2 protein chains.
Amino acid sequence: MFSHTVEYALRAVAALAEDWERPHAVQKIAERTKMPNDYLAKVMQALCRAGVVNAIRGRHGGYQLAQAPNQLSLLTVINAVDPIKRIDRCPLGLPGHGPNLCPLHRRLDDSIRETENTFRYTTLAELLESTGPVRPLCPVDEPPALFHVAT
Amino acid sequence: MFSHTVEYALRAVAALAEDWERPHAVQKIAERTKMPNDYLAKVMQALCRAGVVNAIRGRHGGYQLAQAPNQLSLLTVINAVDPIKRIDRCPLGLPGHGPNLCPLHRRLDDSIRETENTFRYTTLAELLESTGPVRPLCPVDEPPALFHVAT
DNA sequence: TTTCTATCGGACATTTTTGTCCATCTTCTT
DNA sequence: AAGAAGATGGACAAAAATGTCCGATAGAAA
């Protein structure tokens with residue numbers, strides 16, 4: 001239901017959010033989130049163009065969230081890489097009834113709208129305020145264990 | 001969010017439902033629902049293998065719903081051609097926490113589950129009991145206008 | 001039995017998505 | 001100044017989704 005690219009983008013920002021005021025190299029994020037390095041690079045470029053993250057080039061550079069995690073909705077991230085498309089007119093191209101959808105497409109769009117709203121009102125910060133037994137990006141053995149913080 | 005194939009499958013069964021106790025040829029369904037004839041043929045084969053429709057071969061044959069429209073949920077149709085995949089374990093492959101999802105994947109799966117349930121409890125018949133201004137498969141000019149019924 | 005009209009299913013073409021590789025540019029550190 | 005670390009972007013490869021074509025097969029009607 002969600003594309004692979006969306007998954008990757010969400011994992012990436014979730015990883016960034018753990019320590020969001022510093023840049024993190026693509027390679028680090030890729031290790032942390034277990035996804036293909038070079039594909040992530042493309043995803044990060046898309047997030048950058050959409051203004052979700054900032055790129056810092058050169059040594060000790062990387063990507064960094066553009067806003068605080070409590071200001072960033074999951075929908076923004078999703079739409080940055082693979083926009084959720086609402087059904088705003090009859091896909092059959094039937095003329096004459098502008099925004100009126102038939103019952104079938106009405107239901108489909110209702111469902112899409114629900115999904116959209118779910119993620120519109122979920123912020124990245126909420127993901128981190130985990131109370132359950134499993135931490136944000138799934139490491140269950142290790143303790144808090146963000147990135148490897150320089151010591 | 002929904003694949004093209006799902007759209008097609010839903011349109012097709014919606015078309016069949018209008019007159020569900022007779023077989024309808026792929027070509028007729030394709031015209032009615034404005035989709036590529038030969039691709040629909042593949043979709044119908046999938047629906048047939050899944051038991052959603054029956055195929056009647058030979059002259060005056062076609063496809064026909066296997067059950068009454070009020071017995072057929074949209075989820076059944078969707079799953080027949082492009083199954084909705086729940087997230088039942090950590091996509092990162094992190095070991096050690098079986099069905100426990102991290103907050104990110106928990107939210108994603110919650111959303112998928114919501115969608116699943118929406119369509120699980122919507123039957124094809126409900127789509128036809130339209131009270132709004134637009135009829136099931138969008139023809140707004142023509143009156144009831146099912147298929148071209150033999151006269 | 002012949003013919004007509006359907007589905008069936010394999011092969012193939014196109015497009016989109018996903019994934020990989022590498023040369024280049026930028027910035028920091030030494 | 002030189003080297004190291006990192007983003008950038010183009011080119012390409014592989015896989016999946018979508019779309020097209022056509023011969024084979026089955027059943028009903030003539």
Side-chain angles (χ1 to χ4, degrees), chain A residues 1-12 15-16 22-66 78 80-85 91 147-148 150, chain B residues 1-12 15-16 22-66 78 80-85 91 147-148 150:
Chain A
M1 198 164 101
F2 299 102
S3 73
H4 231 170
T5 302
V6 162
E7 247 274 338
Y8 289 160
L10 289 171
R11 282 193 214 174
L16 287 182
R22 286 193 293 178
H24 299 276
V26 164
Q27 195 182 332
K28 298 292 184 190
I29 305 172
E31 287 167 7
R32 181 82 178 75
T33 58
K34 300 215 190 324
M35 57 174 131
N37 198 302
D38 290 321
Y39 192 66
L40 174 60
K42 301 297 185 190
V43 174
M44 295 312 293
Q45 284 179 38
L47 290 175
C48 188
R49 279 191 293 272
V52 170
V53 300
N54 293 324
I56 290 96
R57 298 177 66 153
R59 204 172 176 183
H60 295 164
Y63 289 97
Q64 170 181 1
L65 288 188
I78 293 172
V81 295
D82 194 359
I84 290 182
K85 285 189 285 285
F147 288 91
H148 278 293
Chain B
M1 198 164 102
F2 299 102
S3 72
H4 232 168
T5 302
V6 161
E7 247 272 340
Y8 288 160
L10 289 171
R11 283 193 212 175
L16 286 182
R22 286 193 293 177
H24 298 276
V26 164
Q27 195 182 332
K28 297 292 184 190
I29 305 172
E31 287 168 8
R32 179 82 177 75
T33 57
K34 301 216 188 325
M35 57 175 132
N37 198 301
D38 290 322
Y39 192 66
L40 174 60
K42 301 297 187 192
V43 174
M44 294 312 293
Q45 283 180 37
L47 290 175
C48 187
R49 279 191 293 272
V52 171
V53 300
N54 293 325
I56 290 98
R57 298 178 65 154
R59 203 170 177 184
H60 295 165
Y63 289 97
Q64 169 180 1
L65 288 187
I78 292 171
V81 295
D82 194 358
I84 290 181
K85 286 190 285 288
F147 289 90
H148 279 293

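Only this structure's heavy atoms are used, side chains among them; waters, hydrogens and symmetry mates stay out. All values reported here derive from a predicted model rather than from experimental measurement.
With D/dA7, D/dT18, C/dT18 as the choices, the nucleotide that has an atom nearest any side-chain atom of A/Y39 turns out to be C/dT18. Side-chain proximity of B/H60 to the nucleotides C/dT18, D/dA29, D/dG19 is greatest for D/dA29. In this structure, of C/dG19, D/dA7, D/dT18, it is D/dT18 that holds the atom nearest to the side chain of B/T5. Closest to the side chain of A/D38, out of C/dC21, C/dT7, D/dG19, is C/dC21.
Expressed to the nearest 0.5 Å, how far OH of B/Y63 lies from CD of B/Q45 amounts to 5.0 Å. Note that OG1 of B/T5 and CG of B/L40 are 11.0 Å apart. Values are rounded to the nearest 0.5 Å. B/N37 contributes atom CG, which lies 11.0 Å from atom NZ of B/K28 (distance to the nearest 0.5 angstrom). Rounded to the nearest 0.5 angstrom, A/R22 CZ and A/L65 CG are separated by 13.0 Å.
At D/dG19, one or more side-chain N or O atoms of B/Y8 fall inside 4.0 Å of OP1 or OP2 (strictly under the cut-off).
In this structure, NZ of B/K34 is placed 16 Å from P of D/dG19, rounded to the nearest angstrom. A straight line from CG of B/N54 to P of C/dC8 spans 10 Å, rounded to a whole angstrom. Rounded to whole Å, atom P of C/dG19 lies 16 Å from atom CE of A/M44. Between B/H24 atom NE2 and C/dT7 atom P there is a gap of 12 Å when expressed in whole angstrom units. Rounded to whole Å, atom P of C/dT5 lies 15 Å from atom CG of B/N37. The separation between A/I29 atom CD1 and D/dG6 atom P is 11 Å, rounded to whole Å. For the pair B/Q45 CD and D/dT18 C1', the computed distance is 15 Å after rounding to whole Å.
For A/K42 and D/dG10, a side-chain-to-base donor-acceptor distance below 3.5 Å is present, hydrogens and geometry of angles not being considered. Within 3.5 Å, no donor on the side chain of A/R59 pairs with an acceptor on the base of C/dT26, nor the reverse. Put simply, the side chain of B/R57 and the base of C/dC8 share no donor and acceptor less than 3.5 Å apart. Counting distance only, with no hydrogens placed and no angle test, the side-chain atoms of A/Q27 and the base atoms of D/dG6 include no donor-acceptor pair under 3.5 Å.
Comparing A/L40 and B/R49 by the nucleotide of DNA chain C whose heavy atom lies nearest to each, the residue mapping closer to the 5' end is B/R49. Both B/A55 and A/H4 sit near DNA chain C, but only B/A55 has its closest nucleotide nearer the 5' end.
Checking side-chain atoms of B/R11 against main-chain N and O of B/T33 turns up a donor-acceptor pair under 3.5 Å.
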